[in-house]
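Note that the structure is a prediction, hence the values are computed from the model and not measured.
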Amino acid sequence: MNTDADDLLVFARVVEAGSLSRAAERLQCPKSTVSRRLAALERRLGEKLMQRTTRRLNLTEFGQGVLEHARSLSAEVDAALALALHRQQRPSGRLRVSMPGDFASQALSGMLNEFVQTYPEVQLELDLSPRRVDLVAEGYDLAVRMGSLPADSQLGARRLALIDNGLYAAPDYLARQGEPQRPEGLLQLHGLMILGRNGEPWPWTLTRGEGATAETWQGLPTRRTLINAPDTLMRMACAGLGVTAVGHHYARADVAGGRLVRVLPDWCLPPTACWAVFPERRLMPLRTRVFIEAMAAALAGCGQGPVQTG
């Protein structure tokens with residue numbers, strides 16, 4: 001015997017409503033559909049559930065016994081719907097997020113504090129390790145990734161920001177080593193550079209101008225230190241140890257404080273895309289959506305140019 005749970009729910013709704021017509025209105029379906037579902041349920045169960053007249057419904061003894069189970073099922077469904085409605089009105093539940101630790105501290109520390117205060121019913125779990133987690137296999141709801149995404153990725157993605165970058169160094173370092181006037185001068189300086197996932201440094205690619213007159217240069221300083229933590233590279237630059245690439249947005253406080261200056265201000269590095277990636281699915285939990293929106297708002301200024309000094 002294969003009894004459809006939906007038909008038991010229809011039976012419970014009919015008894016609650018007191019008639020097929022009122023039940024059909026509440027279920028938002030034709031009366032004929034309700035009648036057909038009840039008849040199909042009775043055939044599968046092998047007994048009549050109710051005697052139907054033009055004025056009233058009378059439950060059989062068997063129908064009374066089935067109704068207890070149907071009402072229990074109906075109550076469970078109502079509870080599940082109420083829970084879903086509550087979760088759509090108020091974010092709640094466990095939210096597992098992976099992002100680089102330096103990015104969290106540099107760009108999102110204020111946003112994370114505000115999120116935890118605003119949504120106390122969300123259990124936020126942050127993995128701040130540099131590793132690239134497998135969202136589906138490891139059960140993560142969301143990850144922040146920088147740069148380009150694989151073309152064959154099975155994940156959904158939303159670009160949060162396009163971060164403008166430049167080269168920066170401490171004023172005393174440039175006073176000691178000499179400030180380069182052309183990109184070729186970078187080759188003689190100490191490069192504080194990002195270590196790529198392939199174990200090699202990411203070369204600096206600089207452009208100046210647009211269209212037919214645009215110039216492009218790419219190179220690697222002879223002396224370089226490679227670290228996969230941008231915040232560490234920026235602290236080393238502030239300490240006068242070399243030149244590093246950093247987002248203008250993140251360098252502003254150090255530029256304003258006199259700890260960093262822009263190197264080759266007429267030349268630009270490519271912007272870095274910042275992505276929120278998540279398992280592809282039609283219904284994203286509200287807690288995930290509001291976290292993505294909060295990150296996008298916090299990163300809204302990252303595409304602005306460098307601080308103007310002088």
Chemist: Drop me the distance from S105's OG to L128's CG, to the nearest 0.5 angstrom.
Modeler: 8.5 Å
Chemist: Between the side chains of Q181 and E179, does any donor sit under 3.5 Å from an acceptor?
Modeler: no
Chemist: Go through the side-chain N and O atoms of Y173 and H190 and say whether any donor and acceptor fall under 3.5 Å apart.
Modeler: no
Chemist: Pair T272, N165 - check side chain to side chain donor-acceptor pair (under 3.5 Å), show working.
Modeler: CA-CA 7 Å; T272 303; N165 303 300; 2.9 Å; yes
Chemist: Start with the C-alpha gap between R158 and E293, add the side-chain angles, then the distance that decides, and say whether salt bridge (Lys or Arg N to Asp or Glu O under 4.0 Å) holds.
Modeler: CA-CA 10 Å; R158 173 181 168 181; E293 293 299 333; 2.6 Å; yes
Chemist: If you compare all heavy atoms of L220 against all heavy atoms of L187, which two are closest, and at what distance to 0.1 Å?
Modeler: O-CD2, 3.2 Å
Chemist: List the steps, then state whether side chain to side chain contact (heavy atoms under 4.5 Å, CB included) holds for F11 with L59.
Modeler: CA-CA 11 Å; F11 173 54; L59 289 177; 3.8 Å; yes
Chemist: Hey, are E25 and R22 close enough for a salt bridge, meaning a charged N less than 4.0 Å from a carboxylate O?
Modeler: no
Chemist: Please give me the minimum heavy-atom distance between G166 and R262, naming the atom from each residue.
Modeler: CA-NE, 3.9 Å
Chemist: For atom CD of E61, decide whether the heavy atoms of other residues, nucleotides or ligands shown that lie under 6.0 angstrom number more than 12.
Modeler: no
Chemist: How many angstroms lie between OG1 in T207 and CG in L269, if you round to the nearest 0.5 Å?
Modeler: 8.0 Å
Chemist: Return the CE to CG distance between M295 and L142, rounded to the nearest 0.5 Å.
Modeler: 4.5 Å
Chemist: So which atom in R145 and which in V133 form the shortest heavy-atom distance, rounded to 0.1 Å?
Modeler: NH2-O, 2.6 Å
Chemist: What are the two closest heavy atoms between L186 and P180, and how far apart are they?
Modeler: CD2-CG, 4.1 Å
Chemist: If you measure from the Lys or Arg side-chain nitrogens to the Asp or Glu carboxylate oxygens, is any gap between R131 and E138 under 4.0 Å?
Modeler: yes
Chemist: Check this for me: does any side-chain nitrogen of one of R37 and D7 sit under 4.0 Å from a carboxylate oxygen of the other?
Modeler: yes
